[in-house]
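For the single chain, residues carry numbers from 1 onward in sequence order.
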Amino acid sequence: MFKRGSKLNSIITGSCPKCQKESMYEDKNPLHLSKVLKMNENCSHCGFKYQIEPSFFYGAMYVSYGLNVAVGIAAFIVSFVFFGATIEQAFISIIVTLVVLFPFVLRLSRNLYINMFVSYDPNAGQN
């Protein structure tokens, strides 16, 4: 399921979607908030340019919106239905959940977005 060559591997690990041998990000830890969006220009293994076109990752905002809606709905259901929280407590849990998961959702949306357009190439980087 997480084998090299699967989209899921690249999405979860944040590796190059073309060769999946290197991280796209300068700092792999999304909790370093000052570096959460800093990406390498190219993959050092296969040379793939991550910024496919100018402002390419603006499209990831739409993916991020969808992910945040899903996370918010899940937080509401868990707090309201399973824990019996009041509406106010449920909305507070949504806000807290979204703030805590922000860097993870941000990276995940970029990973999903670039993997929509780029496929794995087992021969990438081999000259």
Does [X] reach the main-chain N or O of [Y] with its side chain, forming a donor-acceptor pair under 3.5 Å?
X: Asp27; Y: His32; value: no
X: Ser10; Y: Ser15; value: yes
X: Arg107; Y: Val36; value: yes
X: Asn40; Y: Asn42; value: no

So if you build clusters from Ile, Leu, Val, Met, Phe, Trp, Tyr with side-chain heavy-atom gaps below 4.5 Å, do [X] and [Y] land together?
X: Val71; Y: Val99; value: no
X: Ile52; Y: Ile11; value: yes
X: Met116; Y: Tyr58; value: no
X: Phe102; Y: Leu98; value: no
X: Val100; Y: Leu33; value: no

Got [X] and [Y] here, is their nearest side-chain heavy-atom distance under 4.5 Å?
X: Lys35; Y: Tyr25; value: no
X: Ser64; Y: Val105; value: yes
X: Gln20; Y: Tyr120; value: yes
X: Pro17; Y: Phe48; value: yes

Evaluation steps, side chain to side chain contact (heavy atoms under 4.5 Å, CB included), between Leu67 and Leu112: CA-CA 10 Å; Leu67 288 173; Leu112 280 165; 3.9 Å; yes
Pro30 versus Pro103, closest heavy-atom pair with distance: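 So the minimum-distance heavy-atom pair works out to O-CB, 3.2 Å.
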For the student: nearest non-hydrogen atoms of Ile87 and Phe80, plus distance: CD1-CE1, 3.6 Å
Evaluation steps, side chain to side chain contact (heavy atoms under 4.5 Å, CB included), between Arg110 and Leu37: CA-CA 9 Å; Arg110 280 187 169 213; Leu37 291 177; 3.5 Å; yes
Point-to-point distance, once rounded to the nearest 0.5 Å, from [atom1] of [X] to [atom2] of [Y]:
X: Tyr62; Y: Ser109; atom1: OH; atom2: OG; result: 13.0 Å
X: Ile114; Y: Cys16; atom1: CD1; atom2: SG; result: 7.5 Å
X: Met39; Y: Met24; atom1: CE; atom2: CE; result: 4.5 Å

OH (Tyr65) with more than 12 external heavy atoms under 6.0 Å: no
Heavy-atom neighbours of Lys7 NZ exceed 12 at 6.0 Å: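 Atom NZ in Lys7 is crowded, with more than 12 foreign heavy atoms closer than 6.0 Å.
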With Tyr113 via side-chain hydrogen bond (donor to acceptor under 3.5 Å, both in side chains) - residues at least two apart: none
Ring centroid separation Phe117 to Phe56 under 6.0 Å: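 Ring-ring flag for Phe117/Phe56: true, centres closer than 6.0 Å.
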